[in-house]
Every structure is written in C-alpha cells, then in structure tokens.
Colleague: 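Just passing along the structure, written as structure tokens.
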Amino acid sequence: MPNSSKRILIIGGVAGGASAAARARRLSETATIIMFERGPYVSFANCGLPYHIGGVIEDRKRLLVQTPESLNARFDLDVRIHSEVIAIDRQAKTVRVRNSKTGREYEEAYDALVLSPGAEPIRPPVPGINDPRVHTLRNMGDMDGILAGLSAGPMGRVLVVGAGYIGVELAESLRHRGLAVVLVERLPQVMAVADPEMVEPLHQELQRHGVELRLGATVTAFDGTGENLVAILGDGSRIACDLAVMCVGVRPETALAEAAGLELGATGGIRVDDQMRTSDPSIFAVGDAVEVKEFVSGDPALIPLAGPANRQGRIAAEVILGRESRYAATQGTAVCKIFEQTFAMTGLSERSLKQKGLPYQRIYVHPADHATYYPGAHAISLKLLFAPDTGRILGAQAVGQSGVDKRMDVLAVAMRAGLTVFDLEELELCYAPPFGSAKDAVNMAGFVASNVVRGDIALWEPEELATLRPDQLLVDVRTQAEFNQGTIPGAEWAPVDELRERLEDLPRDKELLLFCQVGLRGYVAGRLLSQHGFRVRNLSGGYKRYQMWAGQLTEPILCDEK
C-alpha cells in the first residue's frame, strides 16, 4: 500500500499521540488516521493541572489544547474518546476497542500502529490508600476530583506526599489557595533528580511560604476511620488532614504492549529503536511509556517529559510516512517554579554520574541575572558538571529568582551541540543592563570550569573538611566584616586585598584551602599565592556553596562580590 494511503491507528493522545496524528496528516492528506483515547479528553495540558487547582489558571478550558472537534476540523482526524484499546492482534494487524460508554467492542485494522499510553501515577500498596480522600494527579479527571474534595467543606490541612516536580508545584498551588500544606518526602531533600546542595534554597523558600516540610519521612498507612484522614508515618507520627495527594512518581503504562508480546527494556519501558519502532516493525511507541537513551551516558532510561514526547510523536509519524527521521537521546532538561524561586537542570546530576562511574569535575558560580548596577538584580546559583580532561559538558543545575530558565536553555543547547566548557567562554549572548551582564552567567561558568581544566586553579571540596590534615589550613580571604558574620569553623582570616603585605604570615609548609563568599576572590587569591610559591586550592562557589552543602543557608544568595 502506498505511504500516502496508509491506515494509521494511534492509541492515546495528549503530547505524543496528538503530535503523531497532526504530523501524519500534514504529511499525507489521504492517510486514514484514527486516534483512540480511553478518557474524555484527547489533548490537554497536564503540566498545567496544579496551576488550575491553585487558581492561577482560572479558566479550566484553557487546559484543553485540542478537542475531538477541533482536531477533526483542522486535520480531518477520526478521534474517538471513551474508547479503550484492550488488545492488539499483531498477526492480523488489528486492535480490539471497547467503548466505555456503551460497552460495545469492535475491531479496527492498521498498517501502522502508534502506542502513546503514557505513565500512571504510583499508588503505594499501603493500608488505607483507597480512601476516597487520597488522590493522585495525572489527568483532568484527577484534577476535578481534587477540586471537588477541596470544595466539599472547610479545609484545614492538605497533605502532599512526594516532593518531585508535581509535588512541589502542587504544594505551591495549594498555598496559593490559602490552605495549610504538609509536604512529605522520603528523601532528605525535595526534587530527587537534583543534587542535595542545589535544592537547599528551595527548602528555605517552601518554608518561608508556610509549607511544612517533612523530609526523610514515609507514609506507611492512612487511617480514615475518624472525622479526619490521618497519615501514619514510618516513625509512628501522625498527620491529620482533610485531603491527601500522592505524588510519589509514575510508571510506564505497558500492559497493552506487554500483552501483545512487544519487548520491554531494562527499565520497564517499551523498547524502541531510534525511529520509535518497537520490536514489531509495524508498531511504534512514544512518550512516557518508552525507554529512551540518556544523552550523556547513552544508557537506557525513563525520562517522562512533554518536550521529548512531542518530538517522538512527530518522528514516528514521519517514519511511518517514509521519512528518515531519528530520535537522538533525552537530556532531561526541565524547569520548575517554587514560589519566587526557579530550579532548572539538564543532563546528569552528580549523583547519577557517581552511580554510573563516570569521571567528572564540578564548579559553582553565583553571578547576577543582570548587571548589578541596574535595579532588581538577583543571584543565580549555577552548578556545572564536566569531563575533567576534555571539558565536555555533562550536566548543569541552577536555582534563583530570575533568569534561571534562560541560562539552562543555553547550556542545554551547548550540550546538544557537543560544545565544551571552553566554548562557553566564547559564547556571545545578549547584553543590556536590564537583561544580562557583559560576562553572562554561562560565560562565568565557562571561565571557572576552563580554569580548572587548564590547571590554572585546583579546587577543594567541602567533604574534605571531615578529614583535614595537620599540613592543611583553611583561609578565609573575605573582609573582616564578612568573616565576623560567619565562617567555616577553624578558618584563619587573610583578606585578599592585603595578601601581598601578609605573605610572610602564611605558612609555606601547609596547603592553603582558600574560600571567599562565592568563589571569585578565592580564585584571585589562589593565583596570587601560587605565583609566590604557596600550595593552594580554592573552594568553588565559596562560603555560600559551603552553606548550601551543610544545610545552613538562612538567607538568599546575594550577587555582591567584587
């Protein structure tokens, strides 16, 4: 059958399935395209669900990206909602469909089949999990259920279990409604994908806005026998609430694919090649249900993000209709708003690099989002991970009040293009006082990382404080006022602007571990002292990085170092 007259069936809408359908129609006016969606909504903005709950997105209809009617009008698609595909016959190349409204079952034939089933929220098998006051948040129906629960009566307290992207966004949205919120997370930090020190400002921000954080805690049961729902934690403590939302992660929906005999990968997702083709050459899979290749390591991974799902749907449609499109890999680039703070990342975290045994180096900078002499400048705390020999960019994380998404997007593009930290030094980025600095935050990260790779400065890490040797000395090179306000225990004071006059006061038989407020003055001091014969290393990110690492950050990071 010619490509132009193919019969294409698509199971599931939202990002991947809807993109595949629209792209297929743009490539072929004569193809038969049928999309099945088991729910009532074929294309909705699931990333916007928390914000409608919080009232930021007031109009519920704004979340409906497309409807069956709009898709039919523009793309001539046969969109069938309330239609669940319950079986795939690979030999006959048919699917069996059940209409959930009427119960009617029927079969449809395909030349090419696209699976876009997504991922389902995890509901841990703990006692009481099926209480109607315990919710998950994945789709419009889940959102409506939560809103109905919130409107059922006076709300005292809402429990959010899980502090990933959805959990922290939901916690913020519930506080926006004026509700008391407890956020429980089994790890000692929010945002498990991030490195611990980089989310310390987020802990501060959540607590500053009245979210009660219960880190390192797990819910082992729910007791719904009383007037309130009670969550029982692993340490025996109890949290009374009026409603709970489980945001503890998702798992790929692979039951249909598995029943059809399609191969699953090591991660549990549907195995696909770089053209989104499954182990059956006539069946493709896209979105949160598929196993992808992680960009840095090349390892298989599950990375459920809307952007990759859209691209995968587009690629599947192009391959079905004869184009040589290929999906490269997923970087995991993501961003999250937490009240006035923003967190973003791309590539691998330090934790992931360690787990994979990949060599890396790390640096930290805290530059301003725009010129400090222009009003309203805020610091961005940026962590860059790179190969110690070549300077290849392996990952980045940033947190700050503004300008974080812009810098992370630049770094994500740099990674995708195969640039190194040396290239970051040379990037020519927008500059005007309200928008940036002549040396942008990305340039600054490149300067610091390149200095390390070139050997201009060696670094020491906070973890070394536990095993300091007698032949090492901590040296604080900040001002007297800064030193008096707080320093790393055991440090001696030697301000950078007086070092040349105080060289004889410093011990030459010891390695000097330097630090300043954010790293710049420590670097300057290190270059000075090394040229006078001293053994020195600098703390990248300075005293503020130490505070983030030690969990002692008590105020926003300022961008005032000169």
Side-chain angles (χ1 to χ4, degrees), residues 197 350 359-367 381-391 421-422 425 439 444-550 552-553 557-558 560-562:
E197 75 279 13
E350 182 177 355
Y360 68 92
Q361 179 61 274
R362 58 185 176 180
I363 61 95
Y364 300 77
V365 292
H366 305 289
S381 292
L382 194 157
K383 176 179 185 177
L384 186 65
L385 297 151
F386 54 96
D389 52 351
T390 64
V421 298
F422 305 110
E425 295 182 291
K439 293 185 289 188
M444 292 300 298
F447 294 148
V448 176
S450 297
N451 286 338
V452 173
V453 178
R454 292 187 182 108
D456 290 343
I457 191 71
L459 304 179
W460 67 273
E461 305 296 343
E463 292 84 354
E464 298 180 52
L465 292 171
T467 56
L468 280 182
R469 306 188 307 268
D471 66 337
Q472 293 176 315
L473 178 66
L474 287 171
V475 181
D476 188 336
V477 301
R478 300 176 298 164
T479 65
Q480 180 78 67
E482 290 172 300
F483 180 80
N484 291 342
Q485 288 175 358
T487 190
I488 299 175
E492 293 194 9
W493 175 60
V496 62
D497 293 338
E498 300 177 16
L499 279 180
R500 289 182 179 84
E501 289 73 40
R502 298 179 59 169
L503 294 176
E504 298 306 317
D505 298 332
L506 295 172
R508 292 185 176 273
D509 60 340
K510 292 189 176 184
E511 181 184 39
L512 306 183
L513 305 182
L514 310 175
F515 67 94
C516 59
Q517 191 72 358
V518 298
L520 176 57
R521 286 173 288 177
Y523 166 67
V524 172
R527 292 300 301 156
L528 187 161
L529 292 171
S530 65
Q531 293 179 74
H532 284 276
F534 289 90
R535 292 182 296 129
V536 297
R537 286 190 286 152
N538 184 36
L539 177 60
S540 178
Y543 184 61
K544 286 300 183 182
R545 185 271 185 95
Y546 164 77
Q547 289 183 300
M548 293 166 69
W549 171 81
Q552 298 175 1
L553 191 63
I557 294 173
L558 304 177
D560 58 356
E561 178 144 326
K562 297 182 176 62

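By convention here, the first residue in the shown sequence is residue 1.
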Colleague: For P507 and L512, which heavy atoms make the closest approach, and how far apart are they?
Modeller: O-CD2, 4.1 Å
Colleague: Would you please classify the geometry between the Y546 ring and the Y543 ring as parallel, tilted or perpendicular, with 30° and 60° separating the classes?
Modeller: parallel
Colleague: Please determine whether the number of non-hydrogen atoms from other residues, nucleotides or ligands lying under 6.0 Å from atom CZ of R500 exceeds 12.
Modeller: no
Colleague: Side chains of K544 and S381, heavy atoms from C-beta outward: is any pair under 4.5 Å?
Modeller: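 No, side chains not in contact.
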Colleague: Would you check if P367 and V365 make a side-chain contact, meaning some heavy-atom pair closer than 4.5 Å?
Modeller: yes
Colleague: On a heavy-atom basis, which atom in A445 and which in I363 lie closest, and how many Å separate them?
Modeller: O-CD1, 3.7 Å
Colleague: Decide whether a cation-pi geometry holds between R469 and W460; the criteria are a distance under 6.0 Å from NZ or CZ to the six-membered ring centre and an angle within 45° of the ring axis.
Modeller: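 Negative - R469 is either too far from the ring of W460 or too far off its axis.
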Colleague: With the threshold set at 4.0 Å, does a side-chain nitrogen-carboxylate oxygen contact exist between D456 and R454?
Modeller: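 No.
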Colleague: Closest approach of P489 and L474, non-hydrogen atoms and distance?
Modeller: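 Heavy-atom minimum between the residues: O-CD1, 3.6 Å.
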Colleague: I'd like to check M548 versus H366 (side-chain heavy atoms, cut-off strictly below 4.5 Å). Are they in contact?
Modeller: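 A side-chain contact exists here, since the closest heavy-atom pair is under 4.5 Å.
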Colleague: Sequence neighbours excluded, which residues qualify as salt bridge (Lys or Arg N to Asp or Glu O under 4.0 Å) partners of E492?
Modeller: none
Colleague: Could you check whether any side-chain heavy atom of V453 comes within less than 4.5 Å of a side-chain heavy atom of F386, counting everything from C-beta outward?
Modeller: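 The answer is yes; the side chains approach within 4.5 Å.
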Colleague: Side chains of L459 and L539: does their closest heavy-atom pair fall under 4.5 Å?
Modeller: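 When only atoms from C-beta onward are counted, L539 and L459 do not touch, as no gap falls below 4.5 Å.
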Colleague: Supply the atom-to-atom distance E350 CD to Q361 CD, rounded to the nearest 0.5 angstrom.
Modeller: 9.5 Å
Colleague: If I compare all heavy atoms of N538 with all of Y523, which pair ends up nearest, and what's the gap?
Modeller: ND2-N, 3.3 Å
Colleague: Hey, are the side chains of F515 and D476 touching, using non-hydrogen atoms and a 4.5 Å cut-off?
Modeller: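 Touching, per the 4.5 Å side-chain cut-off.
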Colleague: V475 and side-chain contact (heavy atoms from CB on, under 4.5 Å): which partner among L514, V536, L529?
Modeller: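 Among the candidates, only L514 passes.
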Colleague: Working to the nearest 0.5 angstrom, can you tell me the gap between R527 CZ and N451 CG?
Modeller: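 That separation rounds to 8.0 Å.
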Colleague: Could you pull out the closest heavy-atom pair between W493 and R478, with the gap in Å?
Modeller: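 W493 and R478 have their closest heavy atoms at NE1-O, 2.8 Å.
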Colleague: Which heavy atom of G522 sits nearest a heavy atom of C516, and at what distance?
Modeller: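 Shortest heavy-atom contact: N-SG, 3.2 Å.
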Colleague: Within the 4.5 Å heavy-atom criterion, are L468 and L513 side-chain neighbours or not?
Modeller: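 They are in side-chain contact.
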Colleague: My understanding is that only one of L528, V524, L520 makes a side-chain contact (heavy atoms from CB on, under 4.5 Å) with V496; could you say which?
Modeller: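 Between V496 and the candidates, side-chain contact (heavy atoms from CB on, under 4.5 Å) is satisfied uniquely by V524.
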Colleague: A cation-pi test, strictly: NZ or CZ of R508 under 6.0 Å from the centre of the six-membered ring of F534 and no more than 45 degrees from its axis. Yes or no?
Modeller: yes
Colleague: Rounded to the nearest 0.5 Å, what separates atom CD1 in I457 from atom OG in S530?
Modeller: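 If I round to the nearest 0.5 Å, the distance is 6.0 Å.
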Colleague: If the test is side chain to side chain donor-acceptor pair (under 3.5 Å), which one of E511, K510, R535 qualifies with Q472?
Modeller: E511
Colleague: Enter the distance from R521:CZ to T479:OG1 here, rounded to the nearest 0.5 Å.
Modeller: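 The CZ atom of R521 sits 6.0 Å away from the OG1 atom of T479.
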Colleague: Does any part of the side chain of R362, heavy atoms only, come nearer than 4.5 Å to the side chain of E461, both counted from C-beta?
Modeller: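 Side chain of E461 against side chain of R362, heavy atoms only: contact under 4.5 Å found.
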